[in-house]
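Side chains included, hydrogens not; waters and symmetry mates left out as well; all remaining heavy atoms used. In the text below, chain A, chain B and the rest are named by the order of the sequence lines, each starting its count at 1.
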Amino acid sequence: MRLVTWNVNSLKARMPRVEEWLANLQPDVLCLQETKLSDAAFPAMAFQALGYESVHFGQGQWNGVAILSKVGIEAVRYGFMEGLEVGAPIDDYVAGVLAEARLITATCGGVEVSSVYVPNGRSVDDPHYGAKLVWLDRLREQLSRTTHPARPVVVMGDFNIAPEDRDVWDPAKFTGSTHVTPEERAKLAELEQWGFTDAFRHLYPQDHLYTYWDYRAGDFHMHRGMRIDLVLATAPVIDRLTWSIVDRNARKGKLPSDHAPLMIDIV
DNA sequence: ATGGTAGAGGATCTA
C-alpha cells in the first residue's frame, strides 16, 4: 500500500502536474494540502476518471485539504470536533484559524489517514504563531479522543515545522524564525510521545533531505530546502513500513509546487 | 541593497 502527501500550492494551478504524477506513481492514498479551492470547484470527477474516490475540505482562496483513495474512504471527519479544550485560552483570532480548512480525516484500506496543513505561524511575534501552537494541541487532543496508538494511524501533511536543525539547509539562517522554535518542536515531540514515529526519518538518517524549497533565489537548484512535510505513523504502520522517498522530480520542470510529494510504502 | 518567486485576486496578502 502506497501513501503520499503533497502540498500542491493551488490544485487549480497544479492539476496537470498532479494528474500526470498520479498516473505514473499510482499511490493508493494521496493527501493534498493547499488546494486553494472551494468544495464546489474541487475536481472530484477528474480524479474519479483516474480511479480515485476523493473527499475535500476547502474554503477557496487559501488552505484546503483533501484525501484521494483507491482503497475506499470511510468515516470522514472535516476539521476539529466541538468541545476540544487543550492549549492556551483562545480568542476570536485563534478560533478563526482553528475553523480553517486545514484537517481532513478518513479511513482508507484499514488505515486511519489525516491530511494536515498546519498553520504557518508567519513570525514568532505574530498572533498566527500562537494559533499554530494551539492548532497542534487540538490535533493531539482530537487524536487521543478518536483513536489509539495501537491502531494503524497516519497523520501526513505540511507541518510547517522542521523537527531538527539538520532539517533546514542552514540553521543559522533560521535563528529567530518560525518552523524551528523549541515550542513548535515540543508540539511535534508531544505527538511522537502519544505514539507516532516520523516515518521518513525512521528509514533515512541522512542529512540534506528536504521536502520544500522556496521558489525564490533558485533555492531548489542550490539545495536550500527544509524538511517540513512529514508522515507521522503509529507502530502498527511502522511495523509494515518498507520504504519512503521524497519525489524531487516533481519539484523540477514546468510550473512545479514549492513542495515535493513524500511517499511511504507499507506491506 | 533584508533582495528573490508564485498564487490568490484584481490592491495587496500569503507563503
Side-chain angles (χ1 to χ4, degrees), chain A residues 5-21 31-43 56-66 92-103 115-136 156-163 167-181 183-184 187-188 210-230 246-262:
Chain A
T5 179
W6 193 4
N7 180 325
V8 292
N9 184 18
S10 170
L11 187 55
K12 180 183 176 186
R14 217 63 60 212
M15 195 58 181
R17 296 289 302 252
V18 173
E19 288 188 291
E20 177 188 30
W21 190 91
C31 291
L32 300 175
Q33 300 88 35
E34 281 205 270
T35 63
K36 299 184 178 178
L37 293 177
S38 66
D39 289 332
F42 184 76
H56 180 245
F57 180 25
Q59 64 181 77
Q61 193 169 13
W62 291 309
N63 309 314
V65 287
D92 289 348
Y93 178 82
V94 174
V97 173
L98 293 174
E100 289 172 349
R102 296 178 175 278
L103 167 66
S115 177
V116 300
Y117 177 47
V118 177
N120 176 286
R122 298 177 188 165
S123 63
V124 293
D125 59 354
D126 191 296
H128 208 248
Y129 178 73
K132 179 180 193 174
L133 300 177
V134 174
W135 196 97
L136 290 159
M156 56 201 318
D158 178 359
F159 280 78
N160 273 314
I161 301 172
D167 293 314
V168 298
W169 63 276
D170 183 358
K173 290 278 196 300
F174 290 86
T175 303
S177 300
T178 59
H179 296 62
V180 300
T181 67
E183 291 81 7
E184 291 162 276
K187 299 302 182 192
L188 210 47
Y210 308 126
T211 65
Y212 161 84
W213 301 262
D214 198 300
Y215 285 122
R216 294 170 285 189
D219 274 8
F220 178 69
H221 300 286
M222 300 291 287
H223 304 290
R224 295 193 287 237
M226 305 172 74
R227 194 174 73 90
I228 56 176
D229 300 87
L230 306 173
V246 177
D247 185 6
R248 294 180 75 261
N249 286 324
R251 182 62 179 79
K252 304 175 183 175
K254 189 178 179 184
L255 296 178
S257 171
D258 42 2
H259 295 251
L262 170 61

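Closest to the side chain of A/Arg216, out of B/dT5, B/dA8, B/dA6, is B/dT5. Of the candidate nucleotides B/dG7, B/dA8, B/dA15, B/dA8 has the atom lying nearest to any side-chain atom of A/Lys12. When distances run from any side-chain atom of A/Tyr215 to the nucleotides B/dA8, B/dA6, B/dA15, the shortest one goes to B/dA6. Closest approach to the A/Trp62 side chain among B/dG9, B/dA15, B/dT14 is made by B/dT14 (side chain taken as heavy atoms from C-beta onward).
Under 3.5 Å, the side chains of A/Asp219 and A/Tyr210 contain no donor-acceptor pair of N or O atoms.
A/Phe220 comes within 4.0 angstrom of no nucleic acid atom, judged by non-hydrogen atoms across all strands. Within the 4.0 angstrom heavy-atom criterion, no nucleotide atom of any strand lies near A/Arg224.
Looking at A/Arg102, its side chain never comes within 3.5 Å of a backbone N or O of A/Gln33 through a donor-acceptor pair.
One atom, CG of A/Asp219, and another, C1' of B/dG3, lie 12 Å apart when rounded to the nearest Å. The separation between A/Leu255 atom CG and B/dA8 atom C1' is 15 Å, rounded to whole Å. In this structure, the CD atom of A/Gln61 is 11 Å from the P atom of B/dA15, given to the nearest Å. Atom-to-atom, CG of A/Asp158 to P of B/dA15 comes out at 10 Å; the value is rounded to the nearest Å. Remark: C1' of B/dA8 and CD of A/Glu34 are 10 Å apart, rounded to the nearest angstrom. Between the CD atom of A/Gln33 and the P atom of B/dG7 there is a distance of 17 Å, rounded to whole Å. Atom OH in A/Tyr117 sits roughly 5 Å away from atom P in B/dA15 (whole-Å rounding). B/dA6 atom P lies 12 Å from atom OH of A/Tyr212, rounded to whole Å.
Both A/Asn120 and A/Gly60 lie near DNA chain B, and the one whose nearest nucleotide falls closer to the 5' end is A/Gly60. Position along DNA chain B of the nearest nucleotide to A/His128 versus A/Ala217 favours A/Ala217 as the more 5'-ward residue.
B/dA1 and B/dA11: their P atoms are spaced 33 Å apart (whole Å). Taking atom P in both B/dT14 and B/dG9, one finds a spacing of 14 Å when rounded to whole Å.
Taking every heavy atom of both residues into account, A/Tyr117 and A/Trp135 meet most closely at O-CZ2, 4.3 Å.
The aromatic rings of A/Trp6 and A/Trp21 sit tilted, their planes meeting at an angle between 30° and 60°. Ring geometry, A/Phe42 versus A/His56: the interplanar angle falls under 30°, so the pair is classed parallel (tilted spans 30 to 60°).
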